[in-house]
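These values consider heavy atoms only, across backbone and side chains, with no hydrogens, waters or symmetry-generated copies.
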Amino acid sequence: MAKKHEPFVIGDVSVTAGTQLSVKLPAAKLYNDTPMDLHVEVFHGTKPGPTLLVCAAIHGDELNGIEICRRLLGRVNAKTLTGTLLVVPIVNVFGFIQQSRYLPDRRDLNRCFPGTAKGALASRLAHLFSSMLVKRATHIVDLHTGAIHRENLPQIRCDTDNETMLAMANAFGAPVVMSSKAREGSMRGFANSLDIPCILYEAGEALRFSDMSIKSGLNGVVNVMRCIGMLKGKIKTTTSVNASRSYWVRSEADGLVNIKLKLGERVSKGQVLANIVNPLGGEPCPLLAPSDGIIIGNSNIPVTNEGEALFHIAQFSGDEIEIINDNLDDFMQEYA
């Protein structure tokens, strides 16, 4: 006889097996006494299994992940689910309202984990999220975008030395996997310190929707759920390629930026990425690629000061540069 799946209890709410329930965790209040809740959508499956936490907008202006979560809610049925899915579309509710990366006190929530119950606002919100959700998860997918005016090619960042995280990253199906140790104070770093595998999806730009980023992100989360045994079905994905390293190319002059290559394009050593030109005329200053690679991030502001980061280039070893080049063509066609 199959083991009965006990209810999932979060806060003072009990979610019975085979059901979906919206749970609001009190976070804080606005100045006018309006309550600010952390909204958690709980899908508690009929069979015991993993507990996957999918969250977005730890940085309040990163919107693609919110839409990925919204679409995910329509793709999951608790009656056919193994394990438990916790979806938090908006972690930094204060930043989301203000269209800001930060909390009202200008703190970056993703540098405040695990937080404390008696600390500053960011620390308290991090503590609530850590104690109520992160510690309950067996696996985590953290959804992000690039910063404001910076766009990222869909990519996964994780500790690729961890077999579980690498398997989740490959299942997700973003074209690029970046080996990345988590920053101190980040949610991913806290999860990893508890031996909870957490991968981070980066795609698109803050305060902008990218249909490609959203579609591939939704497909990626579903693939991870299949990978860890929560959903049935075949994992259909672009083959991911691990980057050996990455770096930013910085402007060597002040002026206007005439971009020659776009996000996702292959570059060769010495190739002109952009010309920096004086708005009053004169000879352009070419910005050259220091190595072969793929552009996985770029600035979208066509003005620059000397030293400003303009292009994020990933390098690949051996024949992998050819593989990622072909994969990107397929990826762009599938999600365009």
Using the side chain to side chain contact (heavy atoms under 4.5 Å, CB included) rule, take Asn298 and Arg150 through it: C-alpha gap first, then chi angles, then the decisive distance, then the call.
-> CA-CA 6 Å; Asn298 63 257; Arg150 284 190 179 179; over 6 Å; no

I would like to know whether Val54 and Leu85 meet side chain to side chain contact (heavy atoms under 4.5 Å, CB included); could you show each step before the answer?
-> CA-CA 8 Å; Val54 179; Leu85 173 66; 3.9 Å; yes

Worked check of side chain to side chain donor-acceptor pair (under 3.5 Å) between Ser251 and Glu308 = CA-CA 5 Å; Ser251 176; Glu308 190 168 343; over 6 Å; no

Would Gln99 and Asp61 count as a side chain to side chain donor-acceptor pair (under 3.5 Å) if you check the C-alpha gap in whole Å, the side-chain angles of each, and the deciding distance to 0.1 Å?
-> CA-CA 5 Å; Gln99 299 181 16; Asp61 59 356; over 6 Å; no

Intermediate values then yes/no, side chain to side chain contact (heavy atoms under 4.5 Å, CB included), Ile321 and Arg266 | CA-CA 8 Å; Ile321 187 69; Arg266 180 174 177 176; 3.7 Å; yes

Go through the steps for Asn327 and Asp329 under the test side chain to side chain donor-acceptor pair (under 3.5 Å), then give the verdict.
-> CA-CA 5 Å; Asn327 288 352; Asp329 288 340; over 6 Å; no

Output, in order, the C-alpha distance, side-chain angles, deciding distance and verdict of side chain to side chain donor-acceptor pair (under 3.5 Å) for His144 and Glu202.
-> CA-CA 5 Å; His144 287 257; Glu202 282 273 2; 4.7 Å; no

Between Val13 and Leu21, is a side chain to side chain contact (heavy atoms under 4.5 Å, CB included) present by the stated rule, with each step listed?
-> CA-CA 9 Å; Val13 178; Leu21 193 64; 3.4 Å; yes

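The distance from the CZ atom of Arg183 to the CG atom of Asp108 is 9.0 Å, given to the nearest 0.5 Å. How far CG of Leu30 is from CD1 of Ile97: 5.5 Å, rounded to the nearest 0.5 Å. Rounded to the nearest 0.5 angstrom, Ser179 OG and Arg157 CZ are separated by 11.5 Å. Rounded to the nearest 0.5 Å, atoms CG (Asp12) and CG (Leu25) are 9.0 Å apart. Here the CD-OG1 distance, from Glu6 to Thr16, works out to 11.5 Å after rounding to the nearest 0.5 Å. In this structure, CH2 on Trp248 lies 7.5 Å from OG on Ser299, to the nearest 0.5 angstrom.
Although no hydrogens or angles enter the test, the distance criterion places no donor-acceptor pair under 3.5 Å between the side chain of Glu67 and the main chain of Gly65. The main-chain N or O of Met212 is found under 3.5 Å from a side-chain atom of Ser216 such that the two form a donor-acceptor pair. Without hydrogens or angle criteria, Asn278 side chain to Leu280 main chain gives a donor-acceptor distance under 3.5 Å. Between the side chain of Asn152 and the main chain of Gly297, no donor-acceptor pair closer than 3.5 Å is present. Checking side-chain atoms of Asn192 against main-chain N and O of Asp195 turns up no donor-acceptor pair under 3.5 Å. Between the side chain of Asn64 and the backbone N or O of Ala203, at least one donor-acceptor pair lies under 3.5 Å. Side chain of Ser240 to backbone of Ala174: a donor-acceptor contact under 3.5 angstrom is found. A distance-only check finds no donor-acceptor pair linking the side chain of Ser123 to the backbone of Ala120 [under 3.5 Å]. Between the Tyr335 side chain and the Ile214 main chain, no donor and acceptor come within less than 3.5 Å of each other. Between the Ser186 side chain and the Gly189 main chain, a donor and an acceptor come within less than 3.5 Å of each other.
When the shell of 6.0 Å around CZ of Arg111 is examined, it contains more than 12 heavy atoms from other residues, nucleotides or ligands. When the shell of 6.0 Å around CG of Asp105 is examined, it contains more than 12 heavy atoms from other residues, nucleotides or ligands. Surrounding CZ of Arg124 are more than 12 heavy atoms belonging to other residues, nucleotides or ligands, all under 6.0 Å away. Summarising the local packing, CZ of Arg245 is surrounded by more than 12 heavy atoms from other residues, nucleotides or ligands at distances under 6.0 Å.
Cluster membership for Leu166 and Ile199, using ILVMFWY side-chain heavy atoms within less than 4.5 angstrom, is not shared. Hydrophobic clustering of Ile, Leu, Val, Met, Phe, Trp and Tyr side chains at less than 4.5 Å, counting indirect connections, unites Val221 with Leu81. Both Leu38 and Leu121 are part of a single hydrophobic cluster, where members link through side-chain heavy atoms under 4.5 Å apart. If you chain together hydrophobic residues whose side chains sit under 4.5 Å apart, Ile148 and Val303 never meet in one group. Hydrophobic cluster membership is shared by Val222 and Val87, with clusters built from Ile, Leu, Val, Met, Phe, Trp and Tyr side chains linked at under 4.5 angstrom.
Summarising the geometry of Ile228 relative to Pro50, their closest heavy-atom pair is O-CG, 3.3 Å, with the distance given to 0.1 Å.
A heavy-atom distance below 4.5 Å is found between the side chains of Leu273 and Ile313. Annotation: side chain of Leu218 is in contact with side chain of Arg75 (closest heavy-atom distance under 4.5 Å). In this structure, the side chains of Leu53 and Phe129 come closer than 4.5 Å at one or more pairs of heavy atoms. Between Leu328 and Ile294, the closest side-chain pair of non-hydrogen atoms falls below 4.5 Å. With contacts defined as side-chain heavy-atom distances shorter than 4.5 Å, the pair Leu310/Leu287 qualifies. The shortest side-chain heavy-atom distance between Glu252 and Ile276 does not fall under the 4.5 Å cut-off. Side-chain contact between Ile66 and Phe96: present, with at least one pair of heavy atoms (C-beta onward) separated by less than 4.5 Å. Between Glu205 and His149 the shortest side-chain heavy-atom distance falls below 4.5 Å.
Salt bridge annotation for Glu151-Arg208: absent, with no cationic side-chain nitrogen under 4.0 angstrom from a carboxylate oxygen. Between Lys181 and Asp161 there is a salt bridge, with a side-chain nitrogen of the basic residue lying less than 4.0 Å from a carboxylate oxygen of the acidic one. The pair Glu265-Lys260 does not meet the salt-bridge criterion, since no charged nitrogen lies less than 4.0 angstrom from a carboxylate oxygen.
Side-chain contact, Arg188 with Ser180: a donor N or O sits under 3.5 Å from an acceptor N or O. Between the side chains of Thr116 and His127, not a single donor N or O lies within less than 3.5 Å of an accepting N or O. Side chains of Ser213 and Tyr201: a donor-acceptor N/O pair is absent below 3.5 angstrom, by distance only. No side-chain donor from either of Gln315 and Ser244 sits under 3.5 Å from a side-chain acceptor of the other. Inspection of the His312 and Ser246 side chains reveals an N or O donor paired with an N or O acceptor under 3.5 Å.
The cationic group of Arg250 does not satisfy the cation-pi geometry with Phe311, failing either the under 6.0 Å distance to the six-membered ring centre or the 45° limit from the ring axis.
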